[in-house]
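Please read the structure below before turning to the comments.
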Amino acid sequence: MKRINPRIIIAIIASFLDELLLVVAVVWILPKFGISVPVWLVVLLAVLFLFSGAWAFVVVKRKPSLGFENQVGIKGIAGTIIGRKKGLVRIGRQNWSAQTGGPEIRPGCKVVVVSQNALILTVALDESDEPV
């Protein structure tokens, strides 16, 4: 049997508490102050909370995309000046420390990873027309 991730349980509980707070506020607290809320607004808020709870469940269930996987051959964009001193390169949604053995690379240039040493990438200018 597969073990349930505690983050999923926390996301479900948080979503339930959001719904409960909405019901308490609309049914019990607001009428005490003479504020009446239309039924369509209550239904709309309930649907939005259910959607946000479902979205939280999907996001929490996603596997993180971090790690030491081999980055050689992957394309990115230089975020800072990259030279013999380390700079930053953006690959996907992550920023990596990078350096180059060739000429200095300016921010915004397309790069390709030529080697990787732990968390430091060695990159070169990407001359291809393929998208990053």
Side-chain angles (χ1 to χ4, degrees):
M1 185 169 170
K2 188 174 179 183
R3 186 169 173 239
I4 297 175
N5 190 329
R7 295 185 309 163
I8 293 174
I9 294 170
I10 291 170
I12 292 170
I13 291 170
S15 178
F16 175 74
L17 290 175
D18 284 345
E19 290 289 331
L20 185 62
L21 181 62
L22 173 68
V23 169
V24 167
V26 170
V27 173
W28 186 60
I29 296 174
L30 292 180
K32 288 191 179 220
F33 293 102
I35 300 171
S36 62
V37 178
V39 174
W40 66 266
L41 184 58
V42 174
V43 171
L44 177 66
L45 289 174
V47 168
L48 288 174
F49 275 115
L50 286 172
F51 178 76
S52 69
W55 183 252
F57 181 77
V58 168
V59 169
V60 169
K61 191 125 171 108
R62 246 186 241 159
K63 292 188 180 199
S65 61
L66 301 172
F68 285 106
E69 60 268 351
N70 189 2
Q71 301 289 332
V72 175
I74 295 180
K75 297 173 191 272
I77 296 180
T80 62
I81 295 174
I82 303 171
R84 301 233 182 262
K85 291 187 176 181
K86 288 183 232 164
L88 290 177
V89 64
R90 182 116 177 128
I91 296 177
R93 296 182 299 175
Q94 299 174 351
N95 287 325
W96 288 78
S97 291
Q99 60 190 17
T100 183
E104 186 175 270
I105 299 172
R106 313 229 26 89
C109 293
K110 293 180 186 179
V111 295
V112 62
V113 179
V114 293
S115 69
Q116 178 178 356
N117 183 8
L119 292 176
I120 300 172
L121 306 177
T122 302
V123 296
L125 270 173
D126 182 19
E127 303 295 335
S128 71
D129 290 332
E130 296 175 25
V132 175

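For reference, positions follow the sequence shown, starting with 1.
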Open item on the list: Return the CD1 to CG distance between I13 and L20, rounded to the nearest 0.5 Å.
Closed with: 12.5 Å
TODO: Verify the cluster assignment for V43 and V37: are they in a single hydrophobic cluster under the rule of side-chain heavy atoms below 4.5 Å apart?
DONE: no
- [ ] Write down the atom of P107, the atom of G79, and the distance for their closest heavy-atom approach.
- [x] CB-O, 3.8 Å
Task: Taking every non-hydrogen atom, the tightest pair across K86 and Q99 - done: CG-OE1, 4.1 Å
Task: Distance in Å, L21 CG paired with L17 CG, rounded so as to fall on 0.5 Å steps - done: 8.5 Å
Open item on the list: One pair to check against side-chain contact (heavy atoms from CB on, under 4.5 Å): N117 and T122. What are the steps and the verdict?
Closed with: CA-CA 8 Å; N117 183 8; T122 302; over 6 Å; no
Task: Heavy-atom closest pair, residues K75 and I91 - done: O-CG2, 4.1 Å
Open item on the list: When you measure from the side chain of T80 to the backbone of L88, do you find a donor-acceptor pair of N or O atoms at a distance under 3.5 Å?
Closed with: yes
TODO: State which residue, out of V111, D126, I81, V89, fulfils the side-chain contact (heavy atoms from CB on, under 4.5 Å) condition with I105.
DONE: V111
Open item on the list: Determine whether a donor-acceptor pair (N or O, by modelled atom type, separation under 3.5 Å) exists between the side chain of T100 and the backbone of V123.
Closed with: yes
- [ ] Treat each ILVMFWY residue as a node, draw an edge where side-chain heavy atoms are under 4.5 Å apart, and state whether W40 and V26 are in one component.
- [x] yes
TODO: Over all heavy atoms of both residues, which pair between W96 and L121 is shortest? Give the atoms and the distance, please.
DONE: CB-CD1, 3.6 Å
Task: Shortest non-hydrogen contact between A25 and P31, atoms and distance - done: O-CD, 4.3 Å
- [ ] Please report the closest heavy-atom contact between S115 and V72, naming both atoms and the distance.
- [x] CA-CG2, 3.8 Å
Open item on the list: Count I, L, V, M, F, W, Y as connected when their side-chain heavy atoms are under 4.5 Å apart, and connections chain through other members. Are V24 and I35 then in the same cluster?
Closed with: yes
Task: V114 reachable from I74 in the ILVMFWY side-chain graph, under 4.5 Å edges - done: no
- [ ] Mind checking the SG-CD1 spacing from C109 to I77? Nearest 0.5 Å is all I need.
- [x] 9.5 Å
